[in-house]
Amino acid sequence: MLPVLFQIGPITLHTYGLMAALGFLFSVRVISYLSIQAKLPHNKMVDFAFYLLLAGFVGARALFVYTRWSSYQNDLLAVFKVWEGGLVF
């Protein structure tokens, strides 16, 4: 798989990020459809999917930092620099 799908000036579209976003959007669409079929509150199910995305993001970053703690123990603010990479799935 190509790590970088394309780059226009300073904007880079990474293939992995695009596929993760498409997977999330597809799953929200499926959740939306199934919640209507099961007569569940549609808005609450979509909100729940968003909270699951946030929890997954935080958990993936926490595990990444945990597995590389020696790199972060001297610079704790680097834990929040997710744009420099570092998620574990």
Side-chain angles (χ1 to χ4, degrees):
M1 179 165 67
L2 297 171
V4 175
L5 197 56
F6 64 84
Q7 186 172 5
I8 300 174
I11 299 172
T12 303
L13 183 62
H14 295 276
T15 307
Y16 188 79
L18 175 66
M19 292 300 138
L22 288 175
F24 175 73
L25 291 174
F26 180 73
S27 67
V28 168
R29 183 73 179 142
V30 169
I31 288 170
S32 179
Y33 174 76
L34 292 176
S35 67
I36 291 170
Q37 294 295 321
K39 295 182 175 42
L40 295 172
H42 173 308
N43 292 339
K44 288 186 179 185
M45 297 303 288
V46 173
D47 289 347
F48 185 60
F50 176 73
Y51 294 133
L52 286 175
L53 175 71
L54 288 179
F57 184 79
V58 170
R61 182 61 179 182
L63 183 59
F64 182 83
V65 170
Y66 177 74
T67 58
R68 292 164 179 80
W69 179 246
S70 60
S71 302
Y72 291 98
Q73 64 185 0
N74 295 328
D75 184 17
L76 293 179
L77 289 179
V79 169
F80 300 105
K81 295 180 182 177
V82 293
W83 56 89
E84 292 179 358
L87 296 176
V88 173
F89 288 100

Close side-chain approach of Phe57 and Val82, heavy atoms under 4.5 Å: yes

Rounded to the nearest 0.5 Å, the CG atom of Leu2 sits from the CG atom of Leu13 at a distance of 11.0 Å

Nearest heavy-atom pair of Phe80 and Arg61: which atoms, and what distance? N-NH2, 4.3 Å

Over all atoms of both residues, closest heavy-atom pair of Val79 and Tyr72: N-CD2, 3.8 Å

For the residue pair Leu18 and Leu5, what are the closest heavy atoms and their distance? CD2-CD2, 3.4 Å

Is it possible for you to say whether Val30 and Tyr33 belong to one hydrophobic cluster, with membership spreading through side-chain heavy-atom contacts below 4.5 Å? yes

If two hydrophobic side chains count as joined below 4.5 Å and joins carry through other members, does Leu22 share a cluster with Phe6? yes

With a 4.5 Å cut-off on side-chain heavy-atom distances among I, L, V, M, F, W and Y, is there a chain of contacts connecting Leu76 to Leu63? yes

Phe50 with Ile31, same ILVMFWY side-chain cluster at under 4.5 Å: no

When rounded to the nearest 0.5 angstrom, what is the spacing between CG in Leu52 and CZ in Phe24? 8.5 Å

Identify the heavy atoms of His14 and Thr12 that sit nearest to each other, and give their distance. NE2-CG2, 3.6 Å

Cluster overlap Trp69 with Phe64, hydrophobic side-chain contacts below 4.5 Å: yes

Is there a donor-acceptor pair closer than 3.5 Å between any side-chain N or O of Ser32 and the backbone N or O of Val28? no

Interatomic spacing from CZ in Phe48 to CG in Leu53 - rounded to 0.5 Å: 12.0 Å

